[in-house]
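Atoms within a ligand are numbered from 1 in the order they appear, just like the ligands themselves.
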Amino acid sequence: MSIKTPITIAYGDGIGPEIMQATLDILAAAHARLDIEVIEVGEKVYLQGQTSGIPDSAWASLKRTKVLLKGPITTPQGGGYKSLNVTLRKTLGLFANVRPCRAYAPYVATKFPNMDLVIIRENEEGTYSGIEHRGTDEVYQCLKLISRPGCERIVQYAFEYARKFNRKKVTCLSKDNIMKMTDGLFHKVFNEIAKDYPDIEHEHLIIDIGTALIAAQPERFDVIVTLNLYGDIISDVAAQIAGSVGLAGSANIGNHVAMFEAIHGSAPDIAGKNIANPSGLLNAAIQMLIHINQPDVASLIENAWLKALEDGLHTGDVYSKEYSKEKMGTKEFAQAVIARLGQKPTHFKPVEYKQGAYAKIECYGAPKEIHSNKELVGVDIFIDNPHDISAEELAKQILPVKGNLELIAISSRGLKIWPNSMIESPYLRHCCCRFQSTTDLKQLTAIKHADIIQLLENLNELGWDVVKTENLYTYDGELGFTLAQGQ
Ligand code: NAD
C-alpha cells in the first residue's frame, strides 16, 4: 500500500473554493497520495475579529503536515488586517519564493513564445520586514535589513534549484551601485557561492537594466535570484509578458514548511460563476507534488494539462478564436484534464520529473561564523528641526557641547549640507549630525557609549528632539557605514 503524504489545504476566498475543488478533483483522479486536512483562513477569519486571518487551530495543522496548498485570500480593506501571506511567510520561515514564468504559445498570447524562466525571490528580509517609522511631521523611513545568512540561504537555494532542475544559468539582480552595503552584500555572497557551482553559469545585472531586459528579451534568462522587493516587482513583469498571470503557480519554501498557491488573487468579480481558470492553483499543486516527492503524479498531471491546452480546451481568460476549440467552465476544464491523464502533449515538450531528484532542497546558509574586530568610532544623530534652523546655526549650537567627539558633517536625506555646502536651499526638517572620534577616516579610534550618552544629554538640554541614532562601527578597520553624498 502506498504511503500518503499529509498536506493542509485552505480553500480561500472568492474563486478559491471553485479552483481548489477543480484542483482536488484532478489530484484525486491522478491518484496523488495525499492525506488532506482542511483549514479555514482568510476573509471569514478576518471578519470574526482575528486580524492575522489565521486561527490558532490552523497553525497546529501546518505544524503537523508542513505543507500548505492555499487558495487565494481576500484581505478586507482597512481595519488593521495583516496580510496573511506575509504572516505565513515570516512565521513559517518561508525564505524562498519560487515563481516559474513560462510561455504557452500559441495557445496563450505572448510576444515571447520561448520564454521559460524561474524567479527566486528572497522572502523574509529587505524592505518587507515592515519596520517603518515617522521621524518628523514630514519624514518617514523604512528600514531595509539584510543579513549574511539570509543572502547565503537564498543564493544557495537558487543554485541548488538550478542544478536539480537542470537549469544552466543563475542571474543575480541587485542595486549595489547605489546600496553598496545591503545590496552589495547580496552581490558579494552571490559571487562567493557561485564558485561552489562551476557547472552553472552565473552573471550579475543591476536591477533596472535587468528588469528592462526581462521585459524586452526574457528568453535570455534562466534562473533569477534577487532581493524581496525587486523579486516582487519582476515576478509580475515576467508573469504578465509570459501571458500566464492566470496560469502560474508559486511556491514559498522554508526548510521545514512549504506553501503553494496560484499567483493571482481571489477575483471576486467572477466568483461563483464557474468561469475561473484553475490552472494557476493546479500548477502550484504540481510544484507541491514535486516537493513532496511524488514526481510521477506531477508529470502525469502536467502532461494532461498541457495536452488539454494544446487541444484548444480553454477557460474564458485564455480563450481565442484562433487557437481555442471550446470555451469551458472551471469544472468542465478540470474534467478535460482528467480525461487526458496518461496522455502526452505533442506541441509542448512532455515533462518527466524524476523520482527523488526533486525532493526538498534545504538551505541553511554556509555554516561559517564571522567574528570581526568591531569598534565603535562614532554616531549619527538624527534631529527633528521643525523651524528649519540652518545647518550653520545648528553646527554653531552643537560645537560647544560635542564633548570628546568631533562634529564631522550634517546631512539631510543622505546629502551633506554642512560644512562647505553649495546647496542653496537644503531640506532641513530632518538633519543627521555625524560625530566621530576624529575627522580623518583613516585615523578613527574607538569611542565609548558614554560619550554618545553625554552628547545626547547635551543635545536634550539644548532642546533638540533626537529622533534616532545610528552607531558608527568599523569591522577589522573597514567602515561599517556609508558617507553622505558630498562628504
Ligand atoms: P485578482 O488576481 O484577483 O484579479 C485580477 C483580474 O484577473 C480580475 O479581472 C480577475 O477576474 C482575473 N482573474 C484572476 N484570477 C483568475 C482566474 N483564475 N481565472 C480567470 N480570471 C482570473 O487581483 P485583484 O482583483 O487585485 O485582487 C482581488 C483580491 O485578491 C484582493 O482582496 C487581493 O488582496 C487578493 N489577492 C490575494 C492574493 C493571494 O492570496 N495570494 C494575491 C493577490 C491578490
Legend entry - Heavy atoms of other groups near Lys4 NZ, more than 12 under 6.0 Å: no

Inset, instruction - Return the residue, atom name and 0.1 Å-rounded distance of the protein heavy atom closest to atom 43 (C) of ligand 1. - result: Gly265 CA, 3.5 Å

Inset, instruction - Do me a favour and list the nearest non-hydrogen protein atom to atom 19 (N) of ligand 1 with residue, atom name and distance? - result: Asn277 N, 2.9 Å

Inset, instruction - Report the nearest protein non-hydrogen atom to atom 29 (C) of ligand 1: residue, atom name, distance rounded to 0.1 Å. - result: Ser266 OG, 3.2 Å

Legend entry - Heavy-atom donor-acceptor pair, Glu132 side chain to Arg134 backbone, under 3.5 Å: no

Inset, instruction - Decide whether an N or O pair under 3.5 Å exists between Ala276 and ligand 1. - result: no

Inset, instruction - Give the residue and atom name of whichever protein heavy atom lies nearest to atom 16 (C) of ligand 1, and the separation in Å to one decimal. - result: Ile15 CD1, 4.0 Å

Legend entry - Test: Arg89 cationic atom under 6.0 Å from Tyr128 six-membered ring centre, within 45° of axis: no

Inset, instruction - Measure from atom 10 (C) of ligand 1 to the protein's non-hydrogen atoms and state whether any distance is below 4.0 Å. - result: yes

Inset, instruction - Using the six-membered ring of Tyr197, assess whether NZ or CZ of Arg163 lies under 6.0 Å from its centre and within 45 degrees of the ring axis. - result: no

Legend entry - Ser52 and Thr87: side chain donor to acceptor below 3.5 Å: no

Legend entry - Between Asn166 and Lys164, a side-chain donor and acceptor under 3.5 Å: no

Inset, instruction - Could you verify whether a donor N or O on one side chain and an acceptor N or O on the other, from Gln21 and Asp25, lie under 3.5 Å apart? - result: yes

Inset, instruction - Give the residue, atom name and distance (to 0.1 Å) of the protein heavy atom nearest atom 33 (C) of ligand 1. - result: Ile73 O, 4.2 Å

Inset, instruction - May I ask you to decide whether Arg153 forms a salt bridge with Glu125, counting only side-chain N to carboxylate O separations under 4.0 Å? - result: no

Inset, instruction - Within a distance under 4.0 Å of any heavy atom of Lys70, pick out the atoms of ligand 1 and give their elements. - result: 40 (O)

Inset, instruction - Would you tell me whether Asp13 and Tyr46 have side-chain atoms, one donor and one acceptor, within less than 3.5 Å of each other? - result: no

Legend entry - Selected option - heavy-atom contact closest to atom 41 (N) of ligand 1, from Glu261, His264, Met259, Lys273: Glu261

Inset, instruction - Under 4.0 Å, heavy atoms only, figure out whether ligand 1 is touched by the backbone of Asn85, its side chain, both or neither. - result: side chain

Inset, instruction - Give the residue and atom name of whichever protein heavy atom lies nearest to atom 21 (N) of ligand 1, and the separation in Å to one decimal. - result: Ile270 CD1, 3.5 Å

Inset, instruction - Determine if the distance from atom 24 (P) of ligand 1 to the closest protein heavy atom is below 4.0 Å. - result: no

Inset, instruction - Check whether any protein heavy atom sits under 4.0 Å from atom 3 (O) of ligand 1. - result: yes

Inset, instruction - Return yes if some donor-acceptor pair links the side-chain N/O of Thr315 with the main-chain N/O of Ile275 below 3.5 Å, else return no. - result: no

Inset, instruction - Do me a favour and list the nearest non-hydrogen protein atom to atom 8 (C) of ligand 1 with residue, atom name and distance? - result: Asp269 OD2, 3.5 Å

Inset, instruction - Could you check which of Gly316, Pro268, Ala267, Gly14 puts a non-hydrogen atom nearest to atom 14 (C) of ligand 1? - result: Ala267

